[in-house]
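What follows is a short report on a single structure.
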Amino acid sequence: MLTDTQIAILAAELDQAEQSRTQVRHFSRRFPDMTIADGYAIARAWCGLKLARGQQVRGHKIGLTSRAMQQASQINEPDYGTLFDSMFFDSGRDIPFETFIAPRIEVELAFILSRPLKGPGVTLFDVLRATEFVTPAVEIIDARIEQFDRETRVIRRVTDTISDNAANAGVVLGGRPVHVDAVDLRWTGALLYRNGIIEESGLAAAVLDHPAHGVAWLANCLAQWDEGLQAGEVVLAGSFTRPVTGARGDTFQVDYGPLGAISFRLI
């Protein structure tokens, strides 16, 4: 386990990396015995720095929800991070590329809560009852910690990703919000276009068999800190496509069929 001093130092490094747009090397390279709990401690300390500067929590994101990604990361459960107000962008607008270091685009559904959810014992049905509506969402993930080490080319460990606030950096909401009983959420699909070419497609059932399962998992996970999900929060339930790299000038559109579309350009 890392000491409180080490956790504070690493959180400050992430904060500086984000502001300077200069990636840092893997924490797991420096501390090979660091644990998942250490990763969350670093992320929470970094979030504390953001809160101290006046940023506000808008919700949470869930990552590593597909079985393939969990196996690649050598874990058997998702991870999560905190969404801040500064991360939200409007669909149909230009987004400054300088906001990010190495942006990648993921396709998701967002749950907007009308009542709190606090574990333990939260179920999929509790999530559905607590959800005001579900809306299409795009998550822009980033890497303040290098994805591949600059010298060894070794991929970062899950402890690095968790430290990096689960790699979250941007959220674009759009399309048509729906009540949870208006569509079969498992069979909600999407096509991800980059510069007019379909790069990825998927179904929301790829997220833990039902995207609401991830929200229930998160509410139960937060209970260990006597925390929960609050009414009005946005919860990104997890990507059902592979991340697609974004470069300056790229135009993205995600077509959710009857749920509408999200579009934006990195400038």
Side-chain angles (χ1 to χ4, degrees), residues 6-31 34 39-61 63-64 79-91 93-106 108 137-173 192 194-195 199 236 239 242-252 262-267:
Q6 290 169 328
I7 289 168
I9 290 172
L10 296 177
E13 288 184 17
L14 284 169
D15 201 45
Q16 176 61 28
E18 182 177 60
Q19 294 182 57
S20 67
R21 299 183 65 242
T22 304
Q23 293 176 316
V24 297
R25 299 185 74 174
H26 299 173
F27 292 167
S28 61
R29 176 180 178 273
R30 203 183 320 172
F31 302 100
M34 70 179 294
Y40 280 121
I42 296 166
R44 289 170 70 84
W46 184 22
C47 288
L49 296 177
K50 292 175 178 286
L51 290 170
R53 286 198 298 271
Q55 294 194 42
Q56 298 182 351
V57 174
R58 284 277 308 272
H60 296 79
K61 61 87 47 109
L64 300 178
D79 68 354
Y80 73 88
T82 303
L83 301 177
F84 289 91
D85 55 345
S86 60
M87 297 177 178
F88 284 75
F89 301 93
D90 294 329
S91 178
R93 302 293 181 85
D94 291 339
I95 299 176
F97 184 80
E98 288 81 6
T99 307
F100 314 103
I101 302 173
R104 294 185 294 160
I105 312 305
E106 295 186 336
E108 316 210 2
V138 166
E139 183 182 8
I140 305 174
I141 61 174
D142 205 358
R144 279 70 57 163
I145 299 176
E146 294 173 338
Q147 187 178 9
F148 296 94
D149 183 80
R150 67 191 68 174
E151 293 179 0
T152 66
R153 306 309 299 166
V154 171
I155 193 169
R156 62 185 178 182
R157 296 181 183 177
V158 68
T159 50
D160 297 305
T161 306
I162 290 172
S163 301
D164 198 7
N165 199 18
N168 63 19
V171 181
V172 185
L173 303 180
L192 170 58
R194 178 176 59 186
N195 302 325
E199 297 283 357
L236 298 183
S239 178
R242 176 184 61 90
V244 174
T245 300
R248 189 190 303 274
D250 281 346
T251 297
F252 288 90
I262 292 174
S263 63
F264 61 93
R265 182 177 62 167
L266 296 173
I267 61 171

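Nothing here was measured: the structure is a model prediction, and the numbers come from that model.
- Proximity of S163 to L10: side-chain heavy atoms (C-beta onward) are nowhere separated by under 4.5 Å.
- With V57 as the partner, the side chain to side chain contact (heavy atoms under 4.5 Å, CB included) test is satisfied by one option alone out of D85, L51, L83: L51.
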Exercise for the section: Would you check, one step at a time, whether the test salt bridge (Lys or Arg N to Asp or Glu O under 4.0 Å) holds for R29 with E146? Expected result: CA-CA 11 Å; R29 176 180 178 273; E146 294 173 338; over 6 Å; no
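- In this structure, R30 and Q6 have side chains that are not in contact, with every pair of non-hydrogen atoms separated by 4.5 Å or more.
- Contact of the E106 side chain with the L236 side chain is not registered, since no non-hydrogen atoms from C-beta on lie closer than 4.5 Å.
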Inset, instruction - Check the pair D15, R53 against side-chain contact (heavy atoms from CB on, under 4.5 Å), reporting the backbone distance first and the verdict last. - result: CA-CA 11 Å; D15 201 45; R53 286 198 298 271; 2.8 Å; yes
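- At least one donor-acceptor pair closer than 3.5 Å links the side chain of R21 to the backbone N or O of F100.
- When the shell of 6.0 Å around CZ of R265 is examined, it contains 12 or fewer heavy atoms from other residues, nucleotides or ligands.
- From R144, atom CZ reaches atom CD of Q16 across 13.5 Å, with rounding to the nearest 0.5 Å.
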**OP:** Run the numbers on D164 and W46 for side-chain contact (heavy atoms from CB on, under 4.5 Å), then give the verdict.
**Re:** CA-CA 9 Å; D164 198 7; W46 184 22; 3.6 Å; yes
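- Residues T159 and F31 fail the side-chain proximity criterion, which asks for heavy atoms closer than 4.5 Å.
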As a quick check of understanding, evaluate side-chain contact (heavy atoms from CB on, under 4.5 Å) for F84 and C47, giving each step before the final call.
CA-CA 9 Å; F84 289 91; C47 288; 3.7 Å; yes
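- Taken from CG in D149 to CD in Q23, the straight-line distance is 11.0 Å, to the nearest 0.5 Å.
- Residues I140 and F252 form no side-chain contact, since every pair of their non-hydrogen atoms from C-beta on lies 4.5 Å or further apart.
- Within the 4.5 Å cutoff, the side chain of R248 has no heavy atoms near those of the L266 side chain.
- K50 is not listed as a side-chain neighbour of S86, based on a closest heavy-atom distance of 4.5 Å or more.
- In this structure, E139 contributes its side chain and S239 its backbone to no donor-acceptor pair below 3.5 Å.
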